K.L.:
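Structure below; questions to follow.
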Amino acid sequence: MDWAKWQSLPQLHGISPRVLQELLDGGQSFRWNRLPEKMDLWQGVFGKVVIQIQQQADGEVYFRQPVGEEADIAIFQYFGAEVDWDGIVNKLPWRSDAYLQECIEKFTGLRILRQPFGETLFGFLCSTAKQITQIKQCCEQVAKAFGPELIKGVYGWPDWNVLAEVPEADLRKCKLGYRAKYIAAVSRILAKDPQFEQKVLNSDYEPARQLLMSLPGVGEKVADCVLLFGAGKLEAFPVDTWMIKVMSRIYQLENWDSGKVAHFGRVHFGSAAGLAQQFLFARERQISV
DNA sequence: AGGCAGGTGGCCA
DNA sequence: TGGCCACCTGCC
């Protein structure tokens with residue numbers, strides 16, 4: 001297998017290596033890895049796309065695909081080519097929120113990936129009470145065991161139709177633990193309801209969220225992650241333990257439960273609350289190290 | 001070595 | 001509605 005030539009990825013122009021890492025491996029997606037032999041090279045999988053990304057010394061970012069593959073359009077969409085990120089960031093309330101402003105400055109160029117719906121839902125079904133490295137292992141193992149081999153040794157996410165046929169016991173072998181039950185149930189529901197994805201994508205935030213939360217294993221946090229990273233709904237504001245920590249400290253929301261914090265976030269940050277969440281989240285993880 | 005982890009669902013007052 | 005706990009298990 002050969003790789004085609006490097007192409008410019010102008011969507012990521014000027015991004016720092018640190019922010020690139022946060023974008024690819026900060027918990028939005030679970031299918032990006034640095035190659036062990038070349039640590040400055042990222043390899044990712046989404047849908048049927050296998051892609052490598054490398055940043056040159058001048059800061060310019062390039063990507064390449066296997067020879068014969070031309071998923072340029074899908075790749076540009078994944079990185080939000082059609083989205084006016086500067087405009088959206090500018091609409092966040094940074095003028096009146098010094099801490100948000102600080103986070104934005106420290107992670108300039110951070111944005112929201114537009115990932116395929118199904119595998120985003122799958123990834124966050126795996127994510128409960130797990131750390132990123134473990135979630136990635138689950139996704140990797142499930143892809144390897146049940147997914148299509150896209151190129152030699154690289155596997156894509158198996159569709160719900162495929163997963164619906166997999167016994168729960170076999171899913172458990174992929175380190176899923178109790179989450180296997182949810183994956184099994186959700187895959188059976190969605191295999192029978194091919195319109196589910198479209199219904200979520202076509203609905204406004206609130207009804208879309210309710211629809212997702214009707215699935216077993218999907219609560220407020222998982223639903224918001226799926227809406228944000230896999231359905232383009234930037235107003236979704238996922239609240240996890242990190243968010244509880246930052247929000248209670250910065251906005252004095254002591255002892256607020258996650259539902260209240262999420263509501264506060266959506267009101268305070270507005271129509272792109274989810275983007276603000278990523279800035280605060282990235283900064284919080286950086287501080288904690 | 002053992003507690004805990006980027007939640008959710010169910011049960012109880 | 002609000003609080004608590006089991007659920008699995010690999011990793012720090």
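Predicted, not measured: the structure shown is a model, and the values here were computed from it. Below, read A as the first sequence line, B as the second, and so on, with proteins coming before strands; counting in each chain starts at 1.
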K.L.:
Look at A:Gln131 and B:dG6 and indicate whether a side-chain polar atom (N or O) is within less than 4.0 Å of OP1 or OP2.
P.N.:
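True: A:Gln131 side-chain N/O within range (under 4.0 Å) of B:dG6 OP1/OP2.
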
K.L.:
Has the side chain of A:Arg172 got a donor or acceptor that lies under 3.5 Å from a partner of the other kind on the base of C:dC8?
P.N.:
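By the distance-only test, no, there is no pair.
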
K.L.:
Please measure how far the P atom in B:dT8 lies from the corresponding atom in C:dG10, and state the result in whole Å.
P.N.:
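It comes out at 22 Å once rounded to the nearest Å.
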
K.L.:
How many whole angstroms separate atom CD of A:Glu22 from atom C1' of B:dG6?
P.N.:
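So the CD-C1' distance, A:Glu22 to B:dG6, works out to 12 Å.
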
K.L.:
Nearest of B:dG7, C:dG10, C:dC8 to any side-chain atom of A:Val222?
P.N.:
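Among B:dG7, C:dG10, C:dC8, the one nearest the side chain of A:Val222 is B:dG7.
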
K.L.:
Check the distance between C:dG3's C1' and A:Asp257's CG and give it to me in whole angstrom.
P.N.:
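Answer to the nearest Å: 11 Å.
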
K.L.:
Does A:Gln277 have a side-chain nitrogen or oxygen under 4.0 Å from the phosphate oxygens OP1 or OP2 of B:dG6?
P.N.:
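For B:dG6, OP1/OP2 do not have a side-chain N/O of A:Gln277 under 4.0 Å.
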
K.L.:
I'd like the P distance from C:dC5 over to B:dG3, given in whole Å.
P.N.:
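So the two P atoms sit 16 Å from each other.
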
K.L.:
I'd like to check A:Ile51 versus A:Phe46 (side-chain heavy atoms, cut-off strictly below 4.5 Å). Are they in contact?
P.N.:
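They are in side-chain contact.
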
K.L.:
Could you let me know what C:dT1 is paired to, Watson-Crick or G-U wobble, both distances under 3.5 Å, or none if it's on its own?
P.N.:
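When the pairing criteria are applied, B:dA13 turns out to be the nucleotide that pairs with C:dT1.
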
K.L.:
Hey, is CD on A:Glu254 packed in by over 12 heavy atoms from elsewhere, all under 6.0 Å?
P.N.:
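It does: A:Glu254 CD has more than 12 such atoms within range.
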
K.L.:
From the list C:dC8, B:dG7, B:dG6, which nucleotide is the closest neighbour of the side chain of A:Thr128?
P.N.:
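Nearest to the side chain of A:Thr128 among the choices is B:dG7.
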
K.L.:
Any side-chain N or O of A:Lys175 less than 4.0 Å from the OP1 or OP2 oxygen of C:dC11?
P.N.:
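Checking A:Lys175 against C:dC11: at least one side-chain N or O falls below 4.0 Å of OP1 or OP2.
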
K.L.:
Within the modelled atom types, does a donor on one side and an acceptor on the other bring the side chain of A:Tyr182 and the base of B:dG7 under 3.5 Å apart?
P.N.:
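No such pair is found, so the answer is no.
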
K.L.:
Are A:Arg18 and A:Gln286 close enough that some pair of their side-chain heavy atoms sits under 4.5 Å apart?
P.N.:
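Result yes, sub-4.5 Å side-chain heavy-atom pair found.
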
K.L.:
Rounded to whole Å, please give me the gap between NZ in A:Lys221 and C1' in B:dA5.
P.N.:
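Computing the A:Lys221:NZ to B:dA5:C1' distance gives 12 Å.
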
K.L.:
Give a yes or no on whether A:Asp84 atom CG has more than 12 heavy-atom contacts from other residues, nucleotides or ligands under 6.0 Å away.
P.N.:
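Count over threshold, so yes.
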
K.L.:
Per the side-chain contact (heavy atoms from CB on, under 4.5 Å) rule, which among A:Val222, A:Ile135, A:Val218 passes with A:Thr128?
P.N.:
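It is A:Val222, the one option of A:Val222, A:Ile135, A:Val218 that forms the side-chain contact (heavy atoms from CB on, under 4.5 Å) with A:Thr128.
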
K.L.:
Could you work out which one of C:dC8, B:dG6, C:dG10 sits closest to the side chain of A:Lys181?
P.N.:
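Given the options C:dC8, B:dG6, C:dG10, the side chain of A:Lys181 is closest to C:dC8.
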
K.L.:
How is A:Gly123 classified with respect to the nucleic acid when contacts are heavy atoms under 4.0 Å: base, sugar-phosphate, or nothing?
P.N.:
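Nothing, no heavy atom under 4.0 Å.
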
K.L.:
Quote, to the nearest angstrom, the C1' distance that separates B:dA1 from C:dC7.
P.N.:
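Nearest-Å result for B:dA1 against C:dC7 at atom C1': 22 Å.
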
